[in-house]
K.L.:
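Quick one: this structure, given as structure tokens, is what I'll be asking you about.
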Amino acid sequence: MDSWVLYDNSCDFTIYNFPLGVAWYKEKYSVVSAIGDFVIDLDYLQQNGYLDPISLPKGIFSNQFINDFIGLGNETTKQVRERLIFLFDSKTAPKDFILRKDFYLIPISDVSLTLPLNIGDYTDFYSSREHATNVGIMFRDPANALLPNWLHLPVAYHGRSSSIQVSGHDIIRPNGQLKSDADPNPTYGQSKLVDFELEMAVVVSKNSTIGQQISTGDAGNYIYGMALFNDWSARDIQKWEYVPLGPFLSKNFASTLSPWIVSLEALKPFKVNGPESEKPLLPYLHYEGAQNYDIQLDVEIVSSTGANAVVSKSNHKYLYWNILQQLAHHTVNGCNIRVGDIYASGTISGPDSESFGSMLEISWQGTKPIKLSDGSERKFIQDGDTVIIRGFAQKNEIRVGFGEARATVISIK
Ligand code: MN
């Protein structure tokens with residue numbers, strides 16, 4: 001397919017994508033999509049009848065969040081995406097629609113992209129075997145890096161939704177309890193080991209009720225799509241606090257979400273098989289077909305002086321537990337989910353050191369610093385450093401990208 005909107009080969013927002021976001025523009029919030037370097041004013045399209053074949057509540061796009069729209073269900077959101085493909089494909093676009101483009105195409109640089117979701121609950125999984133193994137080796141015991149439950153269930157913790165910020169917001173270096181191995185007692189101070197975690201978040205588009213279990217076969221009906229996610233982590237706080245209940249203050253100070261949510265519909269061409277399960281799985285974790293996604297992910301660090309380095313190249317397909325298994329497990333006890341909830345993958349590390357998804361692993365607890373372009377070294381993230389996560393999937397001419405999730409770490413003294 002070719003769009004009459006021109007963009008180059010490396011564009012994330014192609015005719016195959018149509019992600020959802022929210023823009024602050026002309027003193028109001030609007031649910032928007034994107035193509036090329038433009039956001040698409042969906043409210044204008046609806047008001048002027050261009051979405052008429054689809055039955056939509058009046059004013060659904062005049063909204064600070066995408067929750068109401070995705071809550072209409074995947075069948076409806078799929079129809080809207082197909083309608084957008086029709087309107088923007090040069091073979092099918094109505095002439096009058098193209099002529100009126102200046103009314104609904106707004107340069108992305110002219111708008112402010114805001115947090116697209118009213119996030120209810122947020123869960124962070126731990127579904128990369130390589131990441132869990134690396135952390136197990138460093139934090140616990142190389143001989144028993146994976147704990148016994150890990151190959152039987154998708155391990156997770158409940159995170160904090162209120163501190164999830166959209167790309168572009170600064171991250172304040174946290175304070176907390178720190179304890180070195182040599183010292184029997186902790187001290188209080190600023191975290192010195194602030195780290196990123198390369199993750200993707202899944203966005204829930206359908207409510208379930210308490211007591212209801214969602215099967216892997218049905219889980220896709222509860223998921224709208226995915227976004228880039230950085231689960232900021234303070235490793236020194238984490239190491240001291242995390243036993244026995246898991247991470248708390250080392251994680252809940254901030255997370256960064258990309259402004260664009262890409263639908264599972266758009267990601268269908270990129271489905272691939274995931275790793276084979278090593279242990280026999282309980283029946284509720286069985287699934288059909290290829291359920292991982294071949295999404296290339298990378299992480300770049302840019303210092304305050306502009307020195308930079310791409311420090312990780314990973315892929316969503318490395319996840320041992322897929323997004324359907326995660327949701328089936330999340331609800332197997334009857335826990336309900338709601339539209340706008342998100343659950344993140346956990347750090348996505350691949351098999352080799354270039355694909356590790358956190359500085360903890362890349363620098364191997366600070367023992368192997370990496371170099372930026374000006375020769376300066378990094379073991380963890382310094383004040384003034386900007387961390388940028390990018391992601392896209394590509395198969396022949398079909399390209400679907402996620403934009404970026406970026407944030408700069410600062411200190412408040
Ligand atoms: Mn995480």
Side-chain angles (χ1 to χ4, degrees), residues 1-46 48 50-51 61 66 69 80-116 166-169 225-228 256-263 265-267 269-270 295-298 300 302 306 308 310 386 388-407:
M1 293 190 291
D2 280 308
S3 177
W4 54 266
V5 177
L6 301 179
Y7 47 76
D8 66 35
N9 290 338
S10 64
C11 181
D12 280 344
F13 310 124
T14 66
I15 184 90
Y16 298 98
N17 192 346
F18 294 112
L20 284 179
V22 170
W24 172 256
Y25 177 69
K26 290 190 173 168
E27 303 297 305
K28 73 180 189 85
Y29 292 103
S30 303
V31 173
V32 293
S33 188
I35 189 158
D37 297 325
F38 299 94
V39 301
I40 304 166
D41 182 344
L42 297 174
D43 189 44
Y44 177 92
L45 263 50
Q46 186 188 13
N48 289 276
Y50 290 112
L51 304 179
F61 300 114
I66 69 170
F69 176 58
V80 170
R81 177 171 169 273
E82 283 167 358
R83 181 68 185 165
L84 291 172
I85 291 171
F86 171 85
L87 291 170
F88 284 93
D89 187 331
S90 39
K91 288 197 186 65
T92 50
K95 282 212 171 57
D96 75 292
F97 180 71
I98 301 176
L99 284 172
R100 292 167 83 173
K101 66 180 179 357
D102 291 343
F103 291 99
Y104 56 80
L105 286 185
I106 307 154
I108 288 184
S109 50
D110 287 0
V111 308
S112 170
L113 293 167
T114 57
L115 189 70
V166 76
S167 179
H169 284 259
M226 291 201 275
L228 304 172
T256 302
L257 182 72
S258 60
W260 296 111
I261 316 293
V262 174
S263 65
E265 201 57 37
L267 293 170
F270 312 107
I295 300 168
Q296 299 183 47
L297 300 165
D298 64 56
E300 182 181 7
V302 183
N308 71 319
V310 172
T386 300
I388 308 163
I389 296 178
R390 299 187 180 91
F392 70 92
Q394 181 138 18
K395 191 176 184 183
N396 304 319
E397 80 285 1
I398 306 177
R399 183 180 166 109
V400 171
F402 289 80
E404 57 182 38
R406 74 159 64 207

K.L.:
When you compare the side chain of Y7 with that of D37, does any pair of heavy atoms fall below 4.5 Å?
P.N.:
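Not touching, per the 4.5 Å side-chain cut-off.
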K.L.:
For T256 versus A405, what's the shortest heavy-atom pair and its separation?
P.N.:
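Looks like CG2-CB, 4.1 Å.
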K.L.:
Taking side chain as C-beta onward, heavy atoms only, is P94 less than 4.5 Å from L87?
P.N.:
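Result yes, sub-4.5 Å side-chain heavy-atom pair found.
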K.L.:
Within the distance-only criterion (no hydrogens, no angle test), does the side chain of Y16 pair as donor or acceptor with the backbone N or O of M1 below 3.5 angstrom?
P.N.:
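Confirmed, Y16 side chain pairs with M1 backbone.
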K.L.:
Is it the case that the side chain of N396 and the backbone of I398 share a donor-acceptor pair, with hydrogens and angles ignored and the cut-off at 3.5 Å?
P.N.:
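Side chain of N396 to backbone of I398: no pair is present.
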K.L.:
As an exercise, state the distance from CG of D89 to CG of D2, rounded to the nearest 0.5 Å.
P.N.:
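Answer rounded to 0.5 Å: 7.5 Å.
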K.L.:
Is the shortest heavy-atom distance from the side chain of L42 to the side chain of L84 under 4.5 Å?
P.N.:
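The answer is yes, as the side chains (C-beta and beyond) meet within the 4.5 Å cut-off.
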K.L.:
Is it true that, when you exclude N48 itself, more than 12 heavy atoms of the residues, nucleotides or ligands shown sit nearer than 6.0 Å to its CG?
P.N.:
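Correct, the count exceeds 12.
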K.L.:
Counting distance only, does the side-chain N/O of Y104 pair as donor-acceptor with the main-chain N or O of F97 below 3.5 Å?
P.N.:
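Yes, the answer is positive, given that a donor and an acceptor are paired below the 3.5 Å cut-off.
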K.L.:
Is there side-chain contact between L45 and I40, with at least one heavy-atom pair below 4.5 Å?
P.N.:
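Sidechains of I40 and L45: in contact.
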K.L.:
Going from CG on D110 to CD1 on I108, what distance comes out if it is rounded to the nearest 0.5 angstrom?
P.N.:
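Here the interatomic distance stands at 10.5 Å.
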K.L.:
Minimum heavy-atom separation for F61 and Q46, please, with both atom names.
P.N.:
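Result for this residue pair: CD1-OE1, 3.6 Å.
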K.L.:
CD1/I261 to CD1/I66 distance, rounded to the nearest 0.5 angstrom?
P.N.:
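Answer rounded to 0.5 Å: 5.0 Å.
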K.L.:
For a quick test of reading the model, state the closest non-hydrogen atom pair linking L228 to G391 and the distance between them.
P.N.:
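Nearest heavy atoms, L228 then G391: CD1-N, 3.9 Å.
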K.L.:
With distance as the sole test, does T114 use its side chain to make a donor-acceptor pair with the main-chain N or O of A23 at under 3.5 Å?
P.N.:
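Pair absent, no side-chain N/O of T114 close to backbone of A23.
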K.L.:
Do any N or O atoms from the side chain of R81 and from the backbone of N17 form a donor-acceptor pair under 3.5 angstrom?
P.N.:
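The answer is yes, because a donor-acceptor pair under 3.5 Å joins these two groups.
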K.L.:
Mind running side-chain contact (heavy atoms from CB on, under 4.5 Å) on V302 and E300 for me, showing each step along the way?
P.N.:
CA-CA 6 Å; V302 183; E300 182 181 7; 3.8 Å; yes
K.L.:
Please lay out, stage by stage, how D96 and Y50 fare under the test side chain to side chain donor-acceptor pair (under 3.5 Å).
P.N.:
CA-CA 10 Å; D96 75 292; Y50 290 112; 2.7 Å; yes
K.L.:
For residues D12 and R399, determine if any side-chain heavy atom of one lies less than 4.5 Å from a side-chain heavy atom of the other.
P.N.:
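Yes, side chains in contact.
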K.L.:
Quick check: closest heavy atoms across L115 and V22, and the distance to 0.1 Å?
P.N.:
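L115 and V22 have their closest heavy atoms at O-CB, 4.5 Å.
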K.L.:
For P259 and P116, work out which heavy atoms get closest and say how close.
P.N.:
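For P259 and P116, the tightest heavy-atom pair comes out as O-CG, 3.5 Å.
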K.L.:
How long is the gap from OG on S10 to CD on Q394, to the nearest 0.5 Å?
P.N.:
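Answer rounded to 0.5 Å: 9.5 Å.
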K.L.:
Quick check: does any side chain N or O of S167 sit under 3.5 Å from a backbone N or O of L257, one acting as donor and the other as acceptor?
P.N.:
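Looks like no, no N/O pair under 3.5 Å.
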K.L.:
Would you compute the distance between atom CG of L105 and atom OH of Y44 and round it to the nearest 0.5 angstrom?
P.N.:
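If we round to the nearest 0.5 Å, L105:CG and Y44:OH are 10.5 Å apart.
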K.L.:
Is the ring pair F13/W260 parallel, tilted or perpendicular, if the boundaries are 30 and 60 degrees?
P.N.:
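Answer is tilted, since the angle falls between 30° and 60°.
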K.L.:
Any side-chain heavy atom of V400 within less than 4.5 Å of one from L267?
P.N.:
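Yes, close enough: below the 4.5 Å cut-off.
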K.L.:
What's the separation between atom CD1 in I106 and atom CG in D41, rounded to the nearest 0.5 Å?
P.N.:
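It comes to 5.0 Å.
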K.L.:
For a 4.5 angstrom cut-off between non-hydrogen side-chain atoms, does S112 reach Y25?
P.N.:
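No, side chains not in contact.
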K.L.:
Given side chains that start at C-beta, do those of V80 and F69 come closer than 4.5 Å, heavy atoms only?
P.N.:
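Heavy-atom side-chain distance check passes, below 4.5 Å.
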K.L.:
Look at atom NZ of K28 and say whether more than 12 heavy atoms of other residues, nucleotides or ligands are closer to it than 6.0 Å.
P.N.:
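Counting neighbours around NZ of K28, more than 12 heavy atoms of other residues, nucleotides or ligands fall under 6.0 Å, so yes.
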K.L.:
Using 30° and 60° as the class limits, which term best fits the ring planes of F88 and W4: parallel, tilted or perpendicular?
P.N.:
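Judged by the thresholds at 30° and 60°, the geometry between F88 and W4 is parallel.
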